[in-house]
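Notes for the one structure printed next.
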Amino acid sequence: MGILGVAFLALVLLYPNVSSSRTWYIASDGSGDAPTIKAGIDSAALWDTVLVACGTYYERRIILKSGVALVSESGEADCVTIDAEYLNTVFRCIDLDLPTVIKGFTITRGMPYLGNPGYAGGMAIVGSSNLVIENCEFVNNLTHYGGGVYCEASSPSFVSCIFRDNYGITEGGALYCYNASPQLEGCILLSNRAGWGGGMLCTQIAAPVLTNCTFYGNVGYVEGGGIYTKLDAAPVLERCVIANSLGGGAIACEIEF
């Protein structure tokens, strides 16, 4: 039984109403139960699933609901592409305190709206402790802080995800962690760029845990091609590889005196 099956079984035991949940089917031609992914999530109730047919969807600022699963038809990243066309952040995941899942999406060309101070290209995760992102790819997202993902005061789990060619103009090409403790398992961070922390930047006592992850070809134009840490951040890496990092080496640590 996979991670989602175990999670669903646990939900059934803890919350009996899960068994009466509904699946909302979304088609790329708008002929499903709701016309868009965003509309499907807006319509979904607690413990519902939004199932998305393979295809490309030009959407942005999709606000995920606590206790709702968003899953592509095949569960693999190449099934569904969500393209924000550099018009806004793709996903906002705020205060998700019940088990919530995103599985099998390519998240691309996210960039905050011009009035935004410049946080979160592909996905913003704030105050969320029960979010699982699995088999997703973040590619060609752009912002000042957290090109791929911006994580603040939260502890999401990333499982078998790829972060590729994301750009944090200032800090955190693929991932920016601010007082956050995300867990990454079996993830690949490839060819991401930033001023500080091409692959990942950790700040304000951030404590991410990475297991079996690979950093390759990330660029820190100032420091920290792979990872940059500051302000008492303490990432934990187990069985990880950081290779071919450019600009400031693989890992750079700013020490406070």
Side-chain angles (χ1 to χ4, degrees), residues 2-4 6-8 10-11 37 41 46-47 49-50 61-72 75 77 82 89-107 110 119-139 141 143 145-164 166 168 171-189 192 197 199-213 215 227 229 233-238 240:
I3 184 171
L4 294 182
V6 172
F8 183 80
L11 289 177
I37 296 171
I41 293 172
L46 186 62
W47 310 132
T49 296
V50 178
R61 198 176 169 79
I62 300 170
I63 300 175
L64 204 63
K65 279 186 179 178
S66 189
V68 170
L70 177 65
V71 184
S72 73
I82 305 177
T89 301
V90 183
F91 278 107
R92 291 179 59 83
C93 307
I94 312 298
D95 296 330
L96 304 177
D97 55 356
L98 294 172
T100 308
V101 171
I102 303 174
K103 181 177 181 180
F105 294 88
T106 293
I107 297 158
Y119 297 91
M123 181 180 291
I125 306 173
V126 179
S128 300
S129 58
N130 277 293
L131 174 63
V132 176
I133 302 104
E134 184 175 356
N135 290 350
C136 287
E137 183 168 350
F138 297 83
V139 55
N141 298 289
T143 189
Y145 301 91
V149 175
Y150 174 86
C151 225
E152 178 180 336
S154 55
S155 51
S157 296
F158 294 88
V159 181
S160 301
C161 291
I162 296 173
F163 300 80
R164 177 171 57 85
N166 300 288
E171 296 180 332
L175 186 65
Y176 183 99
C177 301
Y178 182 96
N179 186 24
S181 302
Q183 297 186 43
L184 283 74
E185 181 177 347
C187 294
I188 298 172
L189 293 85
N192 303 284
M200 180 172 68
L201 186 133
C202 308
T203 185
Q204 294 290 349
I205 64 172
V209 177
L210 292 81
T211 306
N212 295 326
C213 293
F215 293 70
I227 300 172
T229 73
V236 175
L237 285 74
E238 183 176 354
C240 293

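This one's a predicted model, so the numbers in the text were calculated from it and none came from an experiment.
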Next on the checklist: Listing request: all side-chain hydrogen bond (donor to acceptor under 3.5 Å, both in side chains) pairs with a residue in residues 201-213, at least two apart in sequence or in separate chains.
Outcome noted: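 side-chain hydrogen bond (donor to acceptor under 3.5 Å, both in side chains) check on residues 201-213 returns Asn212-Arg239.
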Item to check | side-chain hydrogen bond (donor to acceptor under 3.5 Å, both in side chains) pairs, two or more places apart, involving residues 145-163 | outcome: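 Passing the test, one end in residues 145-163: Tyr150-Glu152.
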Next on the checklist: Restricting to side chain to side chain contact (heavy atoms under 4.5 Å, CB included), what partner residues turn up for Ile162, sequence neighbours left out?
Outcome noted: Glu137, Arg164, Ile188
Checklist entry - Who are the side chain to side chain contact (heavy atoms under 4.5 Å, CB included) partners of Val90, not counting sequence neighbours? => result Ile82, Ala84, Ile107, Asn141
Checklist entry - Would Ile133 and Cys93 count as a side-chain contact (heavy atoms from CB on, under 4.5 Å) if you check the C-alpha gap in whole Å, the side-chain angles of each, and the deciding distance to 0.1 Å? => result CA-CA 11 Å; Ile133 302 104; Cys93 307; over 6 Å; no
Next on the checklist: Using side-chain contact (heavy atoms from CB on, under 4.5 Å), reason through Thr100 and Asn130 one step at a time and then give a plain yes or no.
Outcome noted: CA-CA 6 Å; Thr100 308; Asn130 277 293; 5.5 Å; no
Heavy-atom pair with the smallest gap, counting every atom of [X] and [Y]:
| X | Y | result |
| --- | --- | --- |
| Ser128 | Leu96 | OG-N, 3.0 Å |
| Cys187 | Leu184 | SG-CB, 4.1 Å |
| Ile125 | Phe158 | CD1-CZ, 3.8 Å |
| Asn135 | Cys161 | N-SG, 4.0 Å |
| Cys202 | Ala206 | CB-CB, 4.0 Å |
| Phe105 | Ile102 | CD1-CG2, 3.8 Å |

Item to check | Pairing residues for Glu185 by the salt bridge (charged side-chain N to carboxylate O under 4.0 Å, His left out) criterion, not counting sequence neighbours | outcome: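 Not a single residue meets the salt bridge (charged side-chain N to carboxylate O under 4.0 Å, His left out) criterion with Glu185.
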Going from [atom1] on [X] to [atom2] on [Y], what distance comes out if it is rounded to the nearest 0.5 angstrom?
| X | Y | atom1 | atom2 | answer |
| --- | --- | --- | --- | --- |
| Met200 | Asn192 | CE | CG | 11.5 Å |
| Tyr119 | Glu171 | OH | CD | 9.0 Å |
| Arg92 | Ile62 | CZ | CD1 | 12.5 Å |

Compile the donor-acceptor pairs under 3.5 Å between side chains in residues 175-182 and protein atoms, sequence neighbours left out, one pair per line.
none

Checklist entry - Should Ile41 and Leu64 count as side-chain neighbours, where that means a heavy-atom distance under 4.5 Å? => result yes
Next on the checklist: Angle between ring planes, Phe163 versus Phe138, binned at 30° and 60°: parallel, tilted or perpendicular?
Outcome noted: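 Phe163 and Phe138: parallel rings.
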Checklist entry - With sequence neighbours left out, what residues match Ser66 under side-chain hydrogen bond (donor to acceptor under 3.5 Å, both in side chains)? => result Asp97
Item to check | Partner residues of Asp95 under the side-chain hydrogen bond (donor to acceptor under 3.5 Å, both in side chains) criterion, sequence neighbours left out | outcome: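 With neighbours one apart ignored, the set is empty.
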